[in-house]
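Here is the structure we will look at.
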Amino acid sequence: MAVLDIIEVPDERLREHSERVTAFDDALKEQVRNLLDTLKHTNGIGLSAPQAGILKRIILVHVPDDEFGERLYINPEILSKSKSRYVQESCLSVPGIEGNVVRCIRLKLRAQDADGETQEFEVDGLHAVCVQHELDHLDGVLFTDRLSWFKKLRLKMASGSNTGLSRAA
C-alpha cells in the first residue's frame, strides 16, 4: 500500500477522460487500497483515480460523521438527481481555490464494488455533492469550470493561468 501523489493544475492529465474498469482483479484492489491510503493521508473527503494519475472510473468518498461511511464507487453513474443549491467547494488538485457551484444534494446512483458487483445507492447532503465533484474528475472537468464567469475572471486575474481555468474563462 502506498500514498500516491496528487496531480495539481495545470497538469493536463486532469482534463482527460477516464476509462471504464473492466478487470476486477488483484491489481484493481491494490489501486483501490492505494487510493484509500492517499485519501486518508490528505484529510480530504473525496478522491478520484485521475487525481492520482490513474485514468480509471474510480472514486472514493468519505465524509466524516455522515451516515454513508467510506464508499468506493467504480464505474459510477447518476440515475437521478434532486434539489439543487449553491455549495462551496475546493479541490485537492486545485489548492488554495474555493468557490460556489450549483450541485444537487440528493442522488441515486449505480456503481460497482471492487469485486465487480453492481449496487445502487441513495445519498444526500455533502456526500452527494462530493460524488458529483469526483464524477466530474472522471470526465476531465474541474469544479473551477462550474464557477460563475465573474469568479473565473477574478481568479484568473489574481492567480494567472495556474488556476485550472485555461479552458473555463
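Being a predicted model, the structure only gives us computed values, none of them experimental.
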Check your understanding: Given the rule in the side-chain hydrogen bond (donor to acceptor under 3.5 Å, both in side chains) test, do S90 and E98 qualify, once you have shown the distances and angles that lead to the verdict?
Key -> CA-CA 5 Å; S90 60; E98 294 180 348; 4.9 Å; no

Check your understanding: Should the pair H127 and F68 be assigned to parallel (<30°), tilted (30 to 60°) or perpendicular (>60°) ring geometry?
Key ->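 Tilted, since the angle between the ring planes falls between 30° and 60°.
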
Using the rule that Ile, Leu, Val, Met, Phe, Trp and Tyr join whenever any side-chain heavy atoms are under 4.5 Å apart, tell me whether [X] and [Y] fall into a single cluster.
X	Y	value
L142	V87	yes
L109	V61	yes
L135	L107	yes

**Study point:** Audit row: V129, V101, side chain to side chain contact (heavy atoms under 4.5 Å, CB included) steps and yes/no
**Key:** CA-CA 10 Å; V129 168; V101 298; over 6 Å; no

State whether the side chain of [X] and the backbone N or O of [Y] hold a donor-acceptor pair below 3.5 Å, judged by distance alone.
X	Y	value
D11	R13	yes
E134	S48	yes
N75	V21	yes

Exercise for review: Using salt bridge (Lys or Arg N to Asp or Glu O under 4.0 Å) as the criterion, list what pairs up with R106, not counting sequence neighbours.
Suggested key: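 With sequence neighbours excluded, R106 shows a salt bridge (Lys or Arg N to Asp or Glu O under 4.0 Å) to no residue whatsoever.
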
**Study point:** Atom pair CG (L4) and CG (D37), whose distance is rounded to the nearest 0.5 Å
**Key:**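 L4 atom CG to D37 atom CG measures 8.0 Å (nearest 0.5 Å).
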
Point to revise | Greater than 12 external heavy atoms within 6.0 Å of E19's CD | key: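 No.
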
Practice item. Go through the steps for S18 and K56 under the test side chain to side chain contact (heavy atoms under 4.5 Å, CB included), then give the verdict. Key: CA-CA 5 Å; S18 299; K56 292 185 180 176; 5.5 Å; no

**Study point:** With sequence neighbours excluded, residues passing side chain to side chain donor-acceptor pair (under 3.5 Å) with E67
**Key:**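 Scan of E67 (side chain to side chain donor-acceptor pair (under 3.5 Å), adjacent residues dropped) gives none.
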
Practice item. Could you list the residues that satisfy side chain to side chain donor-acceptor pair (under 3.5 Å) with D136, not counting sequence neighbours? Key: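 Applying side chain to side chain donor-acceptor pair (under 3.5 Å) to D136 gives R103, R146.
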
Exercise for review: Start with the C-alpha distance between Q88 and N100, add both sets of side-chain angles, then the distance that settles side-chain hydrogen bond (donor to acceptor under 3.5 Å, both in side chains), and finish with yes or no.
Suggested key: CA-CA 4 Å; Q88 186 169 359; N100 292 323; 5.4 Å; no

Point to revise | Salt-bridge contact D113-K29 (side-chain N to carboxylate O under 4.0 Å) | key: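 Salt bridge absent between D113 and K29.
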
Exercise for review: May I ask you to decide whether D145 forms a salt bridge with R15, counting only side-chain N to carboxylate O separations under 4.0 Å?
Suggested key: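 Salt bridge present between D145 and R15.
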
Exercise for review: Run the numbers on I78 and Q132 for side chain to side chain contact (heavy atoms under 4.5 Å, CB included), then give the verdict.
Suggested key: CA-CA 9 Å; I78 295 175; Q132 292 165 89; 4.1 Å; yes

